[in-house]
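Here's the structure, in structure tokens; my notes come after.
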Protein chains: 2
Amino acid sequence: MATRTDAPTRREQILKEAARLFAERGFHGVGVDEIGAAVGISGPGLYRHFAGKDAMLAELLVGISESLLTGAKRRLAEADGVGGTAPEAVLDSLIEGHIDFALDDRPLITLHDRELDRLRDADRKLVRQLQRQYVELWVGVVRRLYPDLGEPAARSAVHSVFGLLNSTPHLTRPGSLPDRAGTAELLHRMARGAFAAASGA
Amino acid sequence: MATRTDAPTRREQILKEAARLFAERGFHGVGVDEIGAAVGISGPGLYRHFAGKDAMLAELLVGISESLLTGAKRRLAEADGVGGTAPEAVLDSLIEGHIDFALDDRPLITLHDRELDRLRDADRKLVRQLQRQYVELWVGVVRRLYPDLGEPAARSAVHSVFGLLNSTPHLTRPGSLPDRAGTAELLHRMARGAFAAASGA
DNA sequence: CAGGGAGGTTAGCGGTCGTTAACCTGGAGG
DNA sequence: CCTCCAGGTTAACGACCGCTAACCTCCCTG
């Protein structure tokens with residue numbers, strides 16, 4: 001056991017660099033030779049670790065979707081465990097988790113809604129199902145907090161707030177943006193404000 | 001004169017279909033043969049109208065950026081013309097214009113922040129400059145309405161609201177979404193709420 | 001110390017893609 | 001009526017790309 005912070009494996013290096021390159025230039029815009037070069041091996045050496053270029057993208061997208069969903073489920077369970085936390089606190093927790101992810105894994109967030117259609121049917125269905133579960137989980141929390149919101153409106157609002165939170169890659173003109181904590185707090189306030197305004201409140 | 005609603009020219013057909021295809025499958029994911037097929041001619045026939053595939057993308061992106069910017073300038077001028085319209089009304093006008101665009105030209109909105117890096121240097125610089133002007137114009141209006149917002153925070157807020165408004169393609173699961181007017185109004189309220197929350201208000 | 005698998009390498013194949021070349025055609029204009 | 005050009009066509013070229021094949025090395029293990 002203890003695969004904790006054990007020096008990243010080759011596979012992980014490859015995935016990380018592939019994610020960065022895919023996000024920068026698009027799935028079709030990156031060649032396997034470039035991905036190989038980014039980790040110091042070259043070209044076909046990648047096939048010792050992955051079945052193909054598609055498999056890398058699939059693993060990335062499935063991984064993101066699973067990680068978002070399980071994180072959200074965990075946060076929701078924690079809240080319910082304390083015997084009915086205030087709905088605002090639950091929503092705050094979801095928002096915080098999403099922001100952490102968007103700020104720490106920018107390339108993945110970019111891929112997440114940009115390259116989904118490049119997947120093979122089976123993988124795409126899986127990813128979409130995970131994404132849908134994630135959205136529905138948010139919708140439930142939002143509607144608990146704003147009961148006057150109809151379900152379609154709540155779903156639209158959730159998608160829009162994702163758009164807001166996922167805008168972080170655009171803020172990333174290297175360097176100068178405030179600091180991480182400040183950005184996170186600003187995004188958090190805006191997300192809450194957007195939901196509040198979506199309802200009648 | 002009077003090139004009003006004169007049956008769309010071939011060039012316009014091509015641009016429209018190319019925008020749709022680029023948005024669906026990415027610039028590198030679409031072949032010239034497919035673009036040709038989409039307008040009923042095939043493959044190299046496109047070269048009678050465009051210098052190349054890059055030129056189509058460039059024209060699309062420059063067109064979008066110019067159209068957004070000139071629209072916003074017009075709205076701002078109208079407001080100032082009436083001798084100092086309330087800042088809220090100016091912001092509402094900007095938001096409304098952006099939403100109209102996002103709802104009516106979804107493929108273009110998608111391309112706008114997704115395929116910018118596939119342009120040749122000169123075109124990319126031009127597009128970025130237009131985008132920057134557009135952002136700065138919003139930043140000015142937002143800061144006039146919320147003077148307590150610092151410039152970096154205002155700029156971040158503007159980018160985030162763009163993320164929110166540009167999320168429309170994700171709402172577009174064919175058919176069932178509310179109606180256009182309802183969606184527009186929801187997005188408008190959320191954008192205003194997000195800005196208000198960004199400031200201390 | 002034999003051997004074998006994990007993880008590389010380079011060469012090259014087959015397919016696709018953007019683009020050019022060469023040719024064709026219908027209809028407007030002198 | 002001849003001409004010519006705008007706007008198509010098909011063929012083909014060269015580049016590139018994903019992937020496989022064949023081979024080579026460590027290094028770990030019995």
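Below, chains carry the letters A, B, ... as their sequence lines are ordered, and counting in each starts from 1. This is a predicted model, so every value here is computed, not measured.
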Quiz prompt | Phosphate OP1/OP2 of C/dA6: any A/H49 side-chain N/O under 4.0 Å | solution = no
Quiz item: Which value, rounded to the nearest 0.5 Å, describes the distance between B/I64 atom CD1 and B/L68 atom CG?
Solution: 7.5 Å
Quiz prompt | salt_bridge(B/D54, B/R118) N-O dist < 4.0 Å | solution = no
Practice problem: Quick one: sort the B/F162 and B/Y134 rings into parallel, tilted or perpendicular, breaks at 30° and 60°. | Solution: parallel
Quiz item: Which whole-number value in Å describes the distance from A/F22 CZ to D/dG18 C1'?
Solution: 12 Å
Quiz item: Less than 4.0 Å between a side-chain N and a carboxylate O, is that true for B/R192 and B/E88?
Solution: no
Quiz item: Using a distance-only test with no angle check, is there a side-chain donor-acceptor pair under 3.5 angstrom linking B/N166 and B/H112?
Solution: no
Quiz item: Just how far, in rounded Å, is P of C/dG8 from CZ of A/R11?
Solution: 13 Å
Quiz item: Any salt bridge between A/R20 and A/D105, counting N to O under 4.0 Å?
Solution: no
Quiz item: CD1 of A/I41 versus P of C/dT10: gap in Å, rounded?
Solution: 11 Å
Self-check item: Sequence-aligned protein contact record of nucleotides 17-23 of chain C, with B where the base is within under 4.0 Å of a protein heavy atom and S where only the sugar-phosphate is
Solution: -SBB-BB
